[in-house]
Amino acid sequence: MIFSRIRTRKPVPDPAAAFAPGCPLGHGGPAGQTVPGQARRTPSSLFTPAFTDPDQASAFVRQFHAELPGAGNPVQREREVLDEIARTGTYRHTPEELAFGAKVAWRNSARCIGRLYWRSLVVRDLREVSSADELAEECFEHLRVATNGGRIRPVISVFAPDRPGRPAARIVSPQLVRYAGYPDGAGGWTGDPAGGQLAARAADLGWKPGEGRFDILPLLVQERAGEQPRWYELPDDSTLEVPLRHPEYPWFAELGLRWYAVPAISDQTLEIGGIRYPAAPFNGWYMGTEIGARNLADADRYDMLAEVAAWLRLDTSSDRTLWKDRALIELNRAVLHSYQEAGVTMTDHHTESERFLTHIAQEKRLGRETPADWSWIVPPVSGGLTPVYHRYYDAVDPATRPAFVAREPW
Ligand code: ARG
């Protein structure tokens, strides 16, 4: 249960003790302490008192105003927020707070090499949307806005947050666009093994699986706890895909490979100032290696290296011939080349590594650290050729907020 988990995570001030005399911000004493001379009230709802952590809310409001000094009166806003939490168990972000929080969650993403552009995130405020049907419709619109004819825009769509006694809808699919995977009965797969579970689940719900290697999975949305998710076929005009060709080898097209334009993570919770937005899909653009060195190359994904090596007539008799490495490079060249030819935004690992160091330097000038996870930042090919390999990074504090966090079970 999400509520009890949140309630027991850490003691929070008793709302009955809010507005104790003496504290200008209306804070009471330490957690659960009764203010002398005041009777301790029993909360009317089990969930109301501790649903949104007031300390998280305060910290966020202060950060917002510290980074955006022109944005109004911080003391007044903090008082307002704490009062709203005391009355309702939670509070509502202003559209400005929401946009700031979403951008900073990106800035705080320790695994992302593409953070230089965190300010440019397009924030779609869809907090009024909570039904599965409407949510799916807006996810498709998200893809259209993000795709932008190939000039990919980083976008986040923020749907209704969890409220006391009313957990919000969840997107079950890990990304808005994903390919299905089907066990081939001989221990192998057709399609993307990473899309195997979702394909099976969608089929259980009534989706008719195709038989292809690149069948786009329907979007699965669960409106309420305990309900079955509903599935929605993605409209064609929301899913741009790029067929893969090689700049020099015409045979490469015969491999029949393709990938989609927009990577949009949809199974993480956006947490801002104690408020949890479990449905908040976000996207950037691809770095070539994600597709060329992982999705199409990993042994537990499309596993294409042997086939590419065969076409290249490489000596595969021993690992020491570096046939995998050579096939991998040609696969990655094909990915970068094809997106470029198709006019779809994609970055390469050399460029993006440089940009990330620019980002770190820029943040440092602003007095901020850039926490980063080396093992995620260093690209999966030619690591040592990129400058991000040759250094360490500020430590990652898992308590940092705003952040994208793993979604809790209902
Ligand atoms: N690596 C994931 C994929 O290949 C996408 C993760 C997000 N990537 C991004 N460039 N924003 O689908």
Side-chain angles (χ1 to χ4, degrees), residues 102-103 105-118 120-123 139 142-143 145-148 150-157 171 173-181 191-198 213-217 219 234 239-242 244 257-268 270 280-304 328 331-332 334-336 338-339 344-353 355-356 359 372-373 375-381 386 388 403-407:
K103 291 175 186 184
W106 183 7
R107 193 177 82 200
N108 286 336
S109 296
R111 295 171 167 186
C112 177
I113 194 175
R115 286 180 269 168
L116 179 60
Y117 307 101
W118 68 274
S120 72
L121 182 66
V122 175
V123 181
C139 285
H142 175 131
L143 286 171
V145 173
T147 304
N148 188 30
R151 282 191 54 131
I152 311 292
R153 289 186 276 226
V155 176
I156 184 167
S157 297
I171 300 168
S173 312
Q175 289 189 27
L176 299 183
V177 185
R178 284 245 93 174
Y179 294 123
D192 191 347
Q197 250 192 354
L198 198 66
R213 294 161 73 205
F214 296 96
D215 295 342
I216 294 180
L217 283 163
L219 187 72
L234 273 67
T239 52
L240 181 60
E241 293 179 274
V242 179
L244 301 186
L257 300 176
R258 55 202 290 124
W259 206 259
Y260 49 85
V262 177
I265 308 287
S266 48
D267 63 352
Q268 294 186 8
L270 168 62
F282 59 92
N283 75 278
W285 50 74
Y286 264 117
M287 182 161 87
T289 57
E290 299 182 79
I291 300 166
R294 302 298 313 279
N295 302 347
L296 296 176
D298 279 2
D300 61 357
R301 300 290 300 284
Y302 279 85
D303 196 17
M304 290 301 301
L328 188 63
L331 185 51
N332 276 275
V335 170
L336 287 166
S338 306
Y339 275 64
V344 176
T345 310
M346 168 172 276
T347 186
D348 67 84
H349 49 293
H350 299 288
T351 306
E352 212 53 35
S353 294
R355 285 181 184 154
F356 186 57
H359 170 65
D373 184 337
S375 70
W376 279 73
I377 296 297
V378 171
V381 278
T386 65
V388 293
F404 293 105
V405 297
R407 184 190 295 153

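Atom set for the values below is all heavy atoms of this structure, side chains included, hydrogens, waters and symmetry mates excluded. Just follow the structure's listing: the first ligand is 1, and inside any ligand the first atom is 1.
Taking both residues in full, the closest heavy atoms of A146 and V262 are given as CB-CG1, 4.1 Å, listed atom of the first, atom of the second, then distance.
At a cut-off of 3.5 Å, with distance as the only test, no side-chain donor of R213 or Y302 sits close to an acceptor on the other residue. Using modelled atom types, one finds a donor on one side chain and an acceptor on the other under 3.5 Å when comparing H142 with S157. Under the 3.5 Å distance criterion, with hydrogens and angles disregarded, no donor-acceptor pair is assigned to the side chains of Y339 and W285.
Sorted by chain and number, the residues within 4.0 Å of ligand 1 by heavy atom are Q175, Y260, P263, I265, G284, W285, Y286, E290, N295.
With values rounded to the nearest 0.5 angstrom, I152 atom CD1 is found 12.5 Å from T347 atom OG1.
Shown here is R258, whose CZ atom has more than 12 heavy atoms of other residues, nucleotides or ligands within 6.0 Å.
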